[in-house]
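What follows is a short report on a single structure.
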2 protein chains.
Amino acid sequence: MYNIGIDLGGTNIVAAVVDDGYNILGKAKTPTATPRSAQDIFDDIAKVCREAMDAAGVTVGDISCIGMGTPGTVNGEGVIEFANNLGFNNVPAKEMLKERLGDLPVFVENDANCAALGEAHAGCGNGSGNFVAVTLGTGVGSGVIIDGKIVNGVNFAGGEFGHMVISVDGEPCTCGRKGCWEAYASATALIRQTKKAMEENPDSVMHEIVKQEGKINGKTAFDAMRKGDIAGIKVVNNYIKYVACGLINIVNALQPEIICVGGGICNEGDTLLKPLNRYVMAERYSIHSKIQTKIMKAQLGNNAGVIGAALLGSI
Amino acid sequence: MYNIGIDLGGTNIVAAVVDDGYNILGKAKTPTATPRSAQDIFDDIAKVCREAMDAAGVTVGDISCIGMGTPGTVNGEGVIEFANNLGFNNVPAKEMLKERLGDLPVFVENDANCAALGEAHAGCGNGSGNFVAVTLGTGVGSGVIIDGKIVNGVNFAGGEFGHMVISVDGEPCTCGRKGCWEAYASATALIRQTKKAMEENPDSVMHEIVKQEGKINGKTAFDAMRKGDIAGIKVVNNYIKYVACGLINIVNALQPEIICVGGGICNEGDTLLKPLNRYVMAERYSIHSKIQTKIMKAQLGNNAGVIGAALLGSI
């Protein structure tokens, strides 16, 4: 038997047929093409699921259950209460999937939580039941797993470590607070920090790099650092300090077995991961404990979402 | 049947006999009198337990189990791995209690976690399974309960929200980090903030209050505020902002049903609780959720520890 995992994103809808060994047997994708009605979007979700089954060479009779990850808040009845970037308000996702795909067990969860579940079981977590996944992207997403279960709190909105203030009265955040971790540790924040350093350092090699690449991105400062550029080194060191600050806060709060760090910036690999682990070792409150939280790089990339969604029925 | 709860503190050892309705039937206490050997301290713990049983009019045959809360890190085998203020390193607490009190089931936990458990079941939590207890004292202690279980992580050192940085490169904390919540929201921090405001405002009524009371304490600025003193109002407003900052971080991370706030400063009651709830309502990430975390005042005072310890065997 197989499960279907769906990753409903602001840009694309992806569905995959996943087996017991977490292998993707077939996958399909279509643009989400917002703004449009939930009815239309769910019609396309069902279509993509059928395409994924075709690609995998299975039929709906071979499927045990369907799981879907979505942006926003999903309640215990599988209703998407609110998802800003989809324009969704109280969309009965579970019901709408059942209507289109038959009376299979259906599970709906927040997408960051699905990705965390995927990495915990099939990625760098290797089955770990105490696990936090952090994604350094446009924002800073996070998913928390304790005792093998997703922690989403009394209102299904939990797990938002990105919106933990690390600098009182600091940089404004999209959420309305000031000084959130997201406003310092996201790729967006790194680009802002890079821009500011370029303005302050007209001789920095970053100007050259940006001319060649056509735009500032999350790699600019790292590339400059590799060329020995002092301004680039400072941007990278500061950025890593901010990322570490939030990670150590998570360590002190929950002492998970593993914190998995994902997002495009993680392509820097050990350049990022090694100093992060050094910071954690130096600043953790659990300095006297032999066992320490490991900071690891996410392994599943964009597949974490569909694999995690496919796992929702099995946890 | 009854349970014994022990609260081993840096200052006092307290033991209580607790019934199924969380009532304390008998209680006894002796100074911890550190520094002295673990053997001597555990001899006194056993003595205090016997005195509590005498006070309750029960014998060891009436006792179902024994629970103890202690400062520091306690591992799964009931060994206190490290407790700075007791001078303990790898003290086999469970074994030492069994040696002295007979072969009853024995459970040992961190004291902040015991207090959280006590408040969750017998105090303001009213049985809540998703609950965080925060104590604003000399430091900022916290205990986290998710799905009815204490969260202490992979190395039993979790639940330390006090050592979450809320101000990167901010005030030095006793833990070695800079800018921890504890360094802004503890009673110690409030006293430091009050002192600074007094130095900057020689005309503040706080000087008079301190002369009358003999020393600066956590009430000084609140008392000045009640007299309309501008400097006092500013200290209180800032302090409440710092406390709220950490509470909202916890809300965004875990969305517990209740965050219980304890410690001497909570005697201010609604003066503290009302603005804290307003901050949470305004800044929570879960702005679209109908259900919101409630910020409540701790109800059990110093009894939270012994009641929570007595409950360790029942969860």
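Within every chain, numbering begins at 1; the chains are lettered A, B, ... in the order of the sequence lines, protein sequences first and strands thereafter. All values below come from the heavy atoms of this structure, side chains included, with hydrogens, waters and symmetry mates left out.
In this structure, no portion of B/Asn89 lies under 4.5 Å from any heavy atom of chain A. Interface remark: A/Leu254 contributes backbone and side-chain atoms alike to the contact with chain B (heavy atom separation under 4.5 Å). Neither the backbone nor the side chain of B/Ile287 has a heavy atom closer than 4.5 Å to any heavy atom of chain A. If you measure heavy-atom distances from A/Asp147 to chain B, the contacts under 4.5 Å come from the side chain alone. Contacts between A/Val165 and chain B at a heavy-atom distance below 4.5 Å involve backbone atoms as well as side-chain atoms. Both the backbone and the side chain of B/Val168 come within less than 4.5 Å of a heavy atom of chain A. When heavy atoms are compared at a cutoff of 4.5 Å, A/Tyr184 does not approach chain B at all. Looking at B/Phe156, neither its backbone nor its side chain comes within 4.5 Å of chain A, counting heavy atoms on both sides. Contact annotation for A/Asn252: both backbone and side-chain heavy atoms come within less than 4.5 Å of a heavy atom of chain B.
Put simply, of A/Ser142, A/Ala157, A/Gly72, A/Gly129, the one with the most heavy-atom pairs under 4.5 Å next to chain B is A/Ala157. Most heavy-atom pairs under 4.5 Å with chain B: of the set A/Ile250, A/Asn152, A/Asp169, this distinction falls to A/Asp169. Most heavy-atom pairs under 4.5 Å with chain A, from the set B/Pro256, B/Cys180, B/Gly158: that is B/Gly158. The candidate with the highest count of non-hydrogen atom pairs below 4.5 Å against chain B, out of A/Ser128, A/Gly159, A/Gly170, is A/Gly159. Of the residues considered (B/Glu283, B/Met164, B/Glu160), B/Glu160 shows the highest number of contacts with chain A, using heavy-atom pairs under 4.5 Å. The candidate with the highest count of non-hydrogen atom pairs below 4.5 Å against chain A, out of B/Ser289, B/Ala282, B/Gly246, B/Cys173, is B/Ser289.
One finds the NZ atom of A/Lys178 at 12.5 Å from the SG atom of B/Cys245 (value rounded to the nearest 0.5 Å). Residue A/Ile166 holds its CD1 atom at 11.5 Å from CD1 of B/Ile166, rounded to the nearest 0.5 Å. Atom NE2 in B/His288 sits 6.5 Å away from atom CG in A/Asn84 (nearest 0.5 Å). Taking OH of B/Tyr285 as the start and CD of A/Glu182 as the end, the distance is 6.5 Å to the nearest 0.5 Å. Expressed to the nearest 0.5 Å, how far CZ of A/Arg177 lies from OH of B/Tyr279 amounts to 11.0 Å. Rounding to the nearest 0.5 Å gives a distance of 7.5 Å between CD of A/Glu81 and CD1 of B/Ile291.
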Before you tell me yes or no, could you show the steps for A/Asn130 and B/Val154 under side chain to side chain contact (heavy atoms under 4.5 Å, CB included), namely the whole-Å CA-CA distance, both residues' side-chain angles and the distance that decides it to 0.1 Å? CA-CA 7 Å; A/Asn130 286 293; B/Val154 72; 5.6 Å; no

Quick one, A/Thr73 with B/Ser286, criterion side chain to side chain contact (heavy atoms under 4.5 Å, CB included). Give me CA distance, side-chain angles, the key distance, then yes/no. CA-CA 9 Å; A/Thr73 310; B/Ser286 49; over 6 Å; no

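In the displayed structure, A/Lys294 atom NZ is contacted under 6.0 Å by at most 12 heavy atoms of other residues, nucleotides or ligands. With a 6.0 Å radius and a threshold of 12 heavy atoms from other residues, nucleotides or ligands, A/Gln292 has its CD atom above the threshold. More than 12 heavy-atom neighbours from other residues, nucleotides or ligands sit within 6.0 angstrom of CD on A/Glu171. Open room surrounds CG on A/Asn126; 12 or fewer heavy atoms of other groups in view lie less than 6.0 Å from it.
A/His163 and B/Asn249 get closest at one heavy-atom pair: O-OD1, 4.0 Å.
At a cut-off of 3.5 Å, with distance as the only test, no side-chain donor of B/Asn155 or A/Arg284 sits close to an acceptor on the other residue.
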